[in-house]
Asks: 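Before I ask anything, let me first share the structure, which is written out below as structure tokens.
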Amino acid sequence: MQAEHKSILSLINSGIASALKNEFKADQSQIENILKKTTVSIPDDISNGHWTSNIAMVSAGILKSSPRDLANEVIKVFAENEVFEKIEIAGPGFINFFLTSESLLRQTEYLHEQFLETIKHINPRKILIEFVSANPTGPLHVGHGRGAAYGDALKRMLELVGHSVTTEYYVNDAGRQMDIVTASILLRSANIGAEDFPSACYQGEYIKAISADIVLTPDECKTIEDFLKDLPADEDEAIDKICLDLKNLSKIWDSAKNIGLQSILGLIKKELSDLGVDFDEWFYESSLGGLDDSSSLLKQALEQSIDTAGYEKEGAYWLRSTDYDDDKDRVLIRRDGRVTYLASDVAYHKNKLDRGFDQLINIWGADHHGYIKRIEAAIESVGYSKSSLLVLLVQFANLYEDGKKLKMSTRSGTYYDLGSLIEMVGADVTRFFYLAKQADQHLDFDVSLAKSESKDNLYYYIQYAHARISSLEKKYEAAMGSLPSSISANECPEALIEIIQMLMKHASTLLNSVERYQPHLLIYFLRELAQKVHQFYNEVNVLKASPEEASTYMFVLLQAKQVIDQSLGLLGIQAKEQM
RNA sequence: GCGCCUGUAGCUCAGCUGGAUAGAGCACCUGGCUUCGAACCAGGCGGUCGGGAGUUCGAAUCUCUCCAGGCGCGCCA
């Protein structure tokens, strides 16, 4: 008998639906309640079946019947189907489906259909992922790299399951930090000596390099030198005064600011590009405009926000964020008339939603978690629901080499920015290590391990499985003339069944990984799949098997290869044909 | 003090939307290459899942509490 459904998952799902309606006589609300809790999955232990469902147990409470009686009703539905070797009721009421060898092998031809069945309930959304968004004040550090790898992987994964995803980098080019960068460049251009160079300024070598592009007259240098006299003792006040004075030299200030921004963004884009991360959009804070322009995005958003959820107190304008569980209300416009960082974010997030995205994902360093409530309040204050925003936190990454923590400060001699990390271990390995651990947990990045092309390095273990299949593929094709496009045997070794089980698990793993925004789950799946491939490879010699067996083995291995290739691709990593 | 994250084998970590006997790598011990790639495989050793209580058919997973560690609590960004 030919199976009505090509993928076993579809077959079991429809059988269960039928059992609920016709055998259990459940009403609509009971059915929905039961299906919500029901799982159809592949057990870790093959002795519990190739597929298993907990439906009898979750139905028992709702239908006030015993799990085993209900399980027997379910089994009836499948009685006539020859794809099953047997169906058992086990333990407290698990229904375990065992497939015949033939139908199990045949499943490898329907992996795509199974994938479609797995993701069919997903409603496509229009998603904007904003990440990295580091201030344009210098090269990216290794923490930014982690966010970059994470956001980029999420984009690829969300798109695969049907969402429309745009990635965006928010450039803070309008704030005080940018002013300090500009001042740092100009002071370097004016050849201010090391002793007089303010400590609040950016000290990096890249600033010196940029300053070479700004040519000042002797008079201008003299003027700038004079700005350093009689400064306030407080570091912050001093740098603010320097910036204020320098801004009066509006021509060279604008020029230095522009060159500085472009140069540093150039550095950042280079590092991201080296990591393989490209953004769809670059949004400049400066494009929000200022309060002096009544038509600016900033002005309009703040008016709306303050009108609906703000108030004036002590000369400043506040957002009543305590209405949304924030600890205290937050200032939008300072007493001196300047806007806060939050004010820009009010306008920026309103703009994001005005652009028609129905889901915003912000990826932030975990140290910003206290900022979530006020952004939610900000979004509500401009007429949108806070549920449209999802903030995903990324914990900091520490680098270790030979068991010692690498310091990441500019002052010490060892400064590890993202670029130097990529240079040390390579972009693919860097991404792999970033993504191998859940994003919201601290990452100890072992540089020695990442650099070592050894068995200790999981990256190579997975790549090796892919390369082995690739190598076999070439030899097979040379010997047989072509590659198999279907299954031709009815039986196979247990080691191959193990690979098939992993292939069947792939769709649900991917879905789980996407829905939880956790790419690392994919990596652990790959490790297990690679392990099964290596085991099979050691146990069975494909090229020495009969033609019928060999083509079957090769077909399954090629499916495994494709799954590895695609999964690594989602992580932004190129699978290796040879190594 | 309040908020968020974390605590699983000697080490590094999976598993956490409740599911069957808690997994892997490293380390340590024992085996497997005269050709499909040994960057591999097979076996052994190793755990009161931080402590306690609760919820239920079932808890590493959910709730509460305590202990320990990290981070955050600006009219900074």
Asks: Given B:rC36, B:rA24, B:rA77, which nucleotide is nearest the side-chain atoms of A:Asn135?
Replies: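 Of all the options, the side chain of A:Asn135 is nearest to B:rA77.
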Asks: Distance check, P atoms only: B:rA22 and B:rA9, in whole angstrom units.
Replies: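 That atom pair is separated by 15 Å.
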Asks: Among B:rA77, B:rC5, B:rC40, which nucleotide has an atom closest to any side-chain atom of A:Asn538?
Replies: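 Out of B:rA77, B:rC5, B:rC40, the nucleotide with an atom closest to A:Asn538's side chain is B:rC40.
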Asks: Do we see a donor-acceptor contact under 3.5 Å between the side chains of A:Glu549 and A:Ser546?
Replies: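 Result is yes, a qualifying pair exists.
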Asks: Quick check for you: to the nearest 0.5 Å, what is the distance between A:Asp173 atom CG and A:Ile264 atom CD1?
Replies: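 Separation between the atoms: 11.5 Å.
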Asks: For the C1' atoms, the ones on B:rG23 and on B:rC2, what distance do you get once it is rounded to whole angstrom?
Replies: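 Result for the C1' pair: 38 Å, nearest Å.
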Asks: Between B:rC41, B:rC36, B:rU21, which nucleotide gets closest to the side-chain atoms of A:Gln531?
Replies: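 Of all the options, the side chain of A:Gln531 is nearest to B:rC41.
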Asks: Among B:rC36, B:rC40, B:rA77, which nucleotide sits nearest the side chain of A:Asn541?
Replies: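 Minimum distance to the A:Asn541 side chain belongs to B:rC36.
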Asks: Taking B:rA24 as the reference, what is the distance to B:rG47 when you measure between their P atoms (whole Å, please)?
Replies: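 Result for the P pair: 14 Å, nearest Å.
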Asks: Let's test this: given Watson-Crick or G-U wobble pairing with both distances under 3.5 Å, identify the partner of B:rA42.
Replies: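 WC or wobble partner is B:rU30.
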Asks: Considering only side-chain heavy atoms of A:Asp367, which listed nucleotide, B:rC40, B:rC13, B:rG72, is closest?
Replies: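 Per side-chain heavy atoms of A:Asp367, the pick is B:rG72.
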Asks: Count the heavy atoms of every other residue, nucleotide or ligand shown that sit under 6.0 Å from CD of A:Gln562, and state whether that count exceeds 12.
Replies: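 Count not over threshold, so no.
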Asks: Look through every strand shown and name the nucleotide pairing with B:rU48 as Watson-Crick or G-U wobble, where both distances are under 3.5 Å.
Replies: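 In the structure as shown, B:rU48 has no Watson-Crick or wobble partner.
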Asks: Just by distance, with hydrogens left out, do A:Ser199 and A:Glu235 show a side-chain donor and acceptor under 3.5 Å apart?
Replies: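 Yes, because at least one side-chain N or O of A:Ser199 sits under 3.5 Å from a partner of the opposite role on A:Glu235.
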Asks: Could you say whether the aromatic ring of A:Phe396 and the base of B:rC71 stack, counting only centre distances under 5.5 Å and plane angles under 30°?
Replies: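 Taking the rule of under 5.5 Å and under 30°, the ring of A:Phe396 does not stack on B:rC71.
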Asks: Check the side chains of A:Asn135 and A:Thr137 for a donor-acceptor pair under 3.5 angstrom, ignoring hydrogens and angles.
Replies: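 There is no such pair between these side chains.
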Asks: Determine whether any donor atom in the side chain of A:His369 lies under 3.5 Å from an acceptor atom in the base of B:rG3, or the reverse, and answer yes or no.
Replies: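 For A:His369, whose side chain was compared with the base of B:rG3, there is a donor-acceptor pair (under 3.5 Å).
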Asks: OP1 or OP2 of B:rA39 sitting under 4.0 Å from any side-chain N/O of A:Tyr460?
Replies: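 Looking at the OP1 and OP2 atoms of B:rA39, neither is under 4.0 Å from any side-chain N or O of A:Tyr460.
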Asks: Of all the nucleotides listed (B:rG37, B:rC75, B:rA77), which has the minimum atom distance to the side chain of A:His368?
Replies: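 Selected nucleotide (nearest to the side chain): B:rA77.
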Asks: Please determine if a side-chain N or O atom of A:Gln535 lies less than 4.0 Å away from the OP1 or OP2 oxygen of B:rA42.
Replies: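 The answer is yes; a side-chain N or O of A:Gln535 sits under 4.0 Å from OP1 or OP2.
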Asks: Checking side-chain polar atoms at under 3.5 Å, does A:Lys120 have a donor or acceptor matched by the opposite partner on A:Asn13?
Replies: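 Absent: no donor and acceptor within the cut-off.
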Asks: Taking protein heavy atoms under 4.0 Å as touching, what does nucleotides 15-20 of chain B look like 5' to 3' if B marks base contact, S marks sugar-phosphate-only contact and - marks none?
Replies: SSB-BB
Asks: Is there a side-chain contact between A:Tyr461 and the phosphate of B:rC41, meaning an N or O under 4.0 Å from OP1 or OP2?
Replies: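 True: A:Tyr461 side-chain N/O within range (under 4.0 Å) of B:rC41 OP1/OP2.
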Asks: Distance between the P atoms of B:rU21 and B:rG25, in whole angstroms?
Replies: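 Roughly 22 Å separates the two P atoms.
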Asks: Under a 3.5 Å cut-off for both distances, is B:rU63 Watson-Crick or wobble paired, and to whom?
Replies: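 Base-paired to B:rA53.
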Asks: Mind calculating the distance between CG (A:Leu393) and C1' (B:rG70) to the nearest angstrom?
Replies: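 Atom CG in A:Leu393 sits about 14 Å away from atom C1' in B:rG70.
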Asks: At under 4.0 Å between heavy atoms, what does A:Glu528 touch on the DNA or RNA strands: base, sugar-phosphate, or nothing?
Replies: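 Contact class for A:Glu528: none.
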Asks: Select base, sugar-phosphate, or nothing to describe what A:Glu314 touches, counting heavy atoms under 4.0 Å on all strands.
Replies: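 Base contact.
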Asks: Which residues in residues 468-480 of chain A have a heavy atom closer than 4.0 Å to any atom of RNA chain B?
Replies: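 Heavy-atom contacts with RNA chain B come from A:Arg468, A:Ser471, A:Leu472, A:Lys475.
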Asks: Separation of A:Arg374 atom CZ from B:rC4 atom P, in whole Å?
Replies: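 Distance, rounded to whole Å: 15 Å.
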Asks: Counting only heavy atoms from other residues, nucleotides and ligands, does the tally under 6.0 Å from CD of A:Glu515 exceed 12?
Replies: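 Yes - once you tally the heavy atoms of other residues, nucleotides and ligands closer than 6.0 Å, there are more than 12.
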Asks: If we take the C1' atom in both B:rC49 and B:rA14, what is their distance in whole Å?
Replies: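 Taking atom C1' in both B:rC49 and B:rA14, they lie 13 Å apart.
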Asks: Nearest whole Å is fine: how far is B:rA27 C1' from A:Leu449 CG?
Replies: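 Interatomic distance, CG of A:Leu449 to C1' of B:rA27: 14 Å.
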Asks: Check the phosphate of B:rC76 against A:Arg334, side-chain N and O only, distance under 4.0 Å to OP1 or OP2. Yes or no?
Replies: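 It does, given that an N or O in the side chain of A:Arg334 lies less than 4.0 Å from OP1 or OP2 of B:rC76.
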Asks: Can you tell me how far C1' of B:rA77 sits from CZ of A:Arg176, to the nearest Å?
Replies: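 The distance from CZ of A:Arg176 to C1' of B:rA77 comes to 9 Å, rounded to the nearest Å.
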Asks: What integer distance in Å separates A:Tyr371:OH from B:rC73:C1'?
Replies: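 Computing the A:Tyr371:OH to B:rC73:C1' distance gives 14 Å.
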Asks: Rounding to the closest angstrom, what is the interatomic distance between B:rC45 and B:rC26 at atom C1'?
Replies: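 It comes out at 14 Å once rounded to the nearest Å.
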Asks: Should the pair A:Lys86 and A:Phe98 be classed as cation-pi, given the thresholds of under 6.0 Å to the six-membered ring centre and 45° from the axis?
Replies: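 Yes, A:Lys86 lies over the aromatic ring of A:Phe98.
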Asks: Just how far, in rounded Å, is P of B:rA24 from NE2 of A:His534?
Replies: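 Roughly 16 Å, once rounded to whole Å.
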Asks: Cut-off 3.5 Å, side chains only: do A:Tyr202 and A:Gln177 have a donor facing an acceptor?
Replies: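 Yes, a side-chain donor-acceptor pair sits under 3.5 Å.
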Asks: If we count only N and O atoms by modelled type, under 3.5 Å, do the side chains of A:Tyr170 and A:Asp345 hold a donor and an acceptor together?
Replies: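 On atom types as modelled, these side chains do not qualify, holding no pair under 3.5 Å.
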Asks: Counting only side-chain N and O atoms of A:Lys328, is one of them less than 4.0 Å from OP1 or OP2 of B:rG74?
Replies: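 Affirmative; the distance criterion is met.
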Asks: Counting only heavy atoms not in A:Tyr460, do more than 12 sit closer than 6.0 Å to its OH atom?
Replies: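 Atom OH in A:Tyr460 is crowded, with more than 12 foreign heavy atoms closer than 6.0 Å.
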Asks: About how many Å separate CZ of A:Arg431 and CD of A:Gln574, when rounded to the nearest 0.5 Å?
Replies: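 Reported value, rounded in 0.5 Å steps: 11.5 Å.
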Asks: Partner of B:rA24 by Watson-Crick or G-U wobble geometry, both contacts under 3.5 Å, or none?
Replies: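 Across all strands, the one nucleotide that pairs with B:rA24 is B:rU12.
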Asks: A:Arg468 and A:Tyr464: side-chain donor and acceptor closer than 3.5 Å?
Replies: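 Distance-only check passes for A:Arg468 and A:Tyr464.
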Asks: Distance check, P atoms only: B:rA59 and B:rG51, in whole angstrom units.
Replies: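 Looking at atom P only, B:rA59 and B:rG51 are 15 Å apart.
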Asks: On RNA chain B, does the nearest nucleotide to A:Lys544 precede the nearest nucleotide to A:Leu342 from the 5' side, or the other way round? Give the residue.
Replies: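 In this pair, the answer is A:Lys544.
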Asks: Pick the C1' atom in B:rG32 and in B:rU48, then give their distance to the nearest Å.
Replies: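 After rounding to an integer number of Å, I get 38 Å for this pair.
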Asks: Return the value, rounded to whole Å, for the distance between atom NZ of A:Lys437 and atom C1' of B:rC11.
Replies: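 Rounded to the whole Å, the gap is 13 Å.
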Asks: Hunt down the Watson-Crick or G-U wobble partner of B:rU17, both distances under 3.5 Å, from any strand shown, or write none.
Replies: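 Looking at the geometry, B:rU17 pairs with no nucleotide.
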Asks: Please give, in whole Å, the distance from B:rC5 P to A:Leu443 CG?
Replies: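 After rounding, the gap between these two atoms is 19 Å.
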Asks: With a 4.0 Å cut-off on heavy atoms, is A:Arg338 in touch with a base, just the backbone sugar-phosphate, or nothing at all?
Replies: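 Answer is nothing: A:Arg338 stays at 4.0 Å or more from every strand.
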Asks: Students often get this wrong, so: under 4.0 angstrom with heavy atoms, is A:Ala60 touching a base, only sugar-phosphate, or nothing?
Replies: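 Here A:Ala60 touches no strand at all.
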Asks: Searching all strands shown, indicate the nucleotide that pairs with B:rC73 (Watson-Crick or G-U wobble; both distances under 3.5 Å).
Replies: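 Base-paired to B:rG1.
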